[in-house]
Amino acid sequence: STLGASAAERGGRYFGAAVAAGRLGDSTYVNILNREFTSVTPENEMKWDATEPSRNFFTYTGADRIVNHALGRGMKIRGHALLWHAQMPDWAEALSGSTLRSAMINHVTQVAAHYRGKIHSWDVVNEAFADGGSGGRRDSILQRTGNDWIEAAFRAARAADPGAKLCYNDYNTDGINPKSTAIYNMVRDFKARGVPIDCVGFQSHLGTSLSGDYQANLQRFADLGVDVQITELDVASGPNQAAIYASVTRACLAVSRCTGITVWGIRDSDSWRTGENPLLFDSWGNKKAAYTATLDAL
Ligand code: XIL
C-alpha cells in the first residue's frame, strides 16, 4: 500500500507533503509525491513575500505550478499561509497601524479569492502565539495592528472563499502547555462568538521524544468543534524517530476529527532541517524505517 491509500482507508483521511515548486522537475521526487501523497502544501510559494512582492501586485507562478500538479492528480491542497510574521515582503514590513491593517486584509482577500474553490484548507494565520510560558500573543507587527487582527483575517478569508476550511496553525503545540492552551482559549472564544474557524493545524516539528499528552491535546481542540490536522510533521533522527512517527500517526487516527497528516518535505535532502534527516525517505528516495512504521500505524 501507500501512505495516501492507507490514510484514505482510515476514515477518508489524507496523507500529504510540503512541496517545493522548484523540485517538480526532479523525477525521483515527483514519483514519490505522486505515488504516496494525497495532499500538498506549498512549502514557500503561497507566503506573502512570494504572492505579493510589491503592494497590490500579485504573482502566483510557483504556487500555480504546485496547485496545477495537485489538482491534476486529485490531491487536496493546504494553502499556507495567508498571514505570518515571517516571510513578509519588505514593503509590508515597512508599514504599521491602519495602513498595514488594510494591506493585510487586502492580501488575505486577494489571495483567497484567486484560489477560490481550489483550496481544501487555508492556514489563515500562522504562528501568532508566543513561545514559552507567557500564554500570550507573539509581539509582531501584525499583532500591533490590534488584538482582533486574527478574527478580521478569518472573516476576510471566509468572504473570499466560502468553501475553504479555515485553519489556525502553530508549533510547540505538541501537548497541553501554556502556548497550546492560549490557542485553545482563542478557538473556544471564536466558536462562542461565531468567528469563522474550522480547523487547527499542529505543525509538529518534533525532537527526539513525544509529549505523553500529544493525543489528548488534539482531542481537546476537536472537542471544541473544529477539525485538527498534523500540518508540518518532521522528527529529529535518532533511535526514536520511527516510533515517534508511528505515535503521531496513531494519535491522529484515535481522534475522529483529525482529518490528515502532512510531512514537511519528501526526502531528507528536501528538508528545511538541514542535516537532521527528519523525513520518511532518505536523500536518494528510499523508504526509511520511519516510513514503514508510519505505514504500519495507518
Ligand atoms: C520553512 C520552509 O520549509 C523553508 O524552506 C523556509 O526557508 C522557511 O520556512 N513553520 C512554517 C513553515 O509554518 O512555513 C516553515 O517553512 C517551517 C516552520
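Throughout, numbering of the chain's residues begins at 1 and tracks the sequence. Both counts, for ligands and for their atoms, begin at 1 and track the order of listing.
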task = Can you sort out which atoms of ligand 1 are near E127, meaning under 4.0 Å from one of its heavy atoms?
result =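 Counting from 1, the qualifying ligand atoms are 10 (N), 11 (C), 13 (O), 18 (C).
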
inquiry  = Using a 4.0 Å cutoff against the non-hydrogen atoms of H80, which atoms of ligand 1 qualify?
reply    =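 So the answer, numbered in order with elements, is 11 (C), 12 (C), 13 (O), 14 (O).
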
query = F129 and K179: which non-hydrogen atoms are nearest, and at how many Å?
reply = O-CE, 3.5 Å

query = Side chain, backbone, both or neither: which part of N126 comes within less than 4.0 Å of ligand 1 when only heavy atoms are counted?
reply =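 Just the side chain.
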
ask   = Of the backbone atoms (N, CA, C, O) and the side-chain heavy atoms from C-beta on, which set of W264 has a member under 4.0 Å from an atom of ligand 1: side chain, backbone, both, or neither?
value =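 It is the side chain that touches ligand 1; the backbone stays farther off.
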
task = Tell me whether the centres of the aromatic rings in H80 and W264 are closer together than 6.0 Å.
result =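 Centroid distance H80-W264: below 6.0 Å, so yes.
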
Any W84 heavy atom less than 4.0 Å to ligand 1 =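 The answer is yes: ligand 1 sits under 4.0 Å from a heavy atom of W84.
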
key: N169 N/O to ligand 1 N/O under 3.5 Å   = no

Do me a favour and list the nearest non-hydrogen protein atom to [atom] with residue, atom name and distance?
atom: atom 8 (C) of ligand 1; value: Q87 OE1, 3.4 Å
atom: atom 2 (C) of ligand 1; value: E43 OE2, 3.4 Å
atom: atom 11 (C) of ligand 1; value: E232 OE1, 3.0 Å
atom: atom 6 (C) of ligand 1; value: N44 OD1, 3.3 Å

request  = Output the rest of the hydrophobic cluster of F57: all Ile, Leu, Val, Met, Phe, Trp and Tyr residues reachable through side-chain heavy-atom contacts under 4.5 Å, sorted by chain and number.
outcome  = none

request  = Check whether any side-chain heavy atom of Y115 lies under 4.5 Å from a side-chain heavy atom of D64, and answer yes or no.
outcome  = yes

message = Using the side-chain contact (heavy atoms from CB on, under 4.5 Å) criterion, which residues pair with D198? Sequence neighbours excluded.
response = R158, K165, L166

The one among K47, H205, Q203 that brings a heavy atom closest to atom 15 (C) of ligand 1 =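 Minimum heavy-atom distance to atom 15 (C) of ligand 1 goes to K47.
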
ask   = Rounded to the nearest 0.5 Å, how far does OH of Y60 lie from CD of Q110?
value =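 Nearest 0.5 Å value for the CD-OH distance: 6.5 Å.
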
message = Once rounded to the nearest 0.5 Å, what's the spacing between atom CE of M46 and atom CD of Q87?
response = 14.0 Å

key: M75 with V263, same ILVMFWY side-chain cluster at under 4.5 Å   = yes

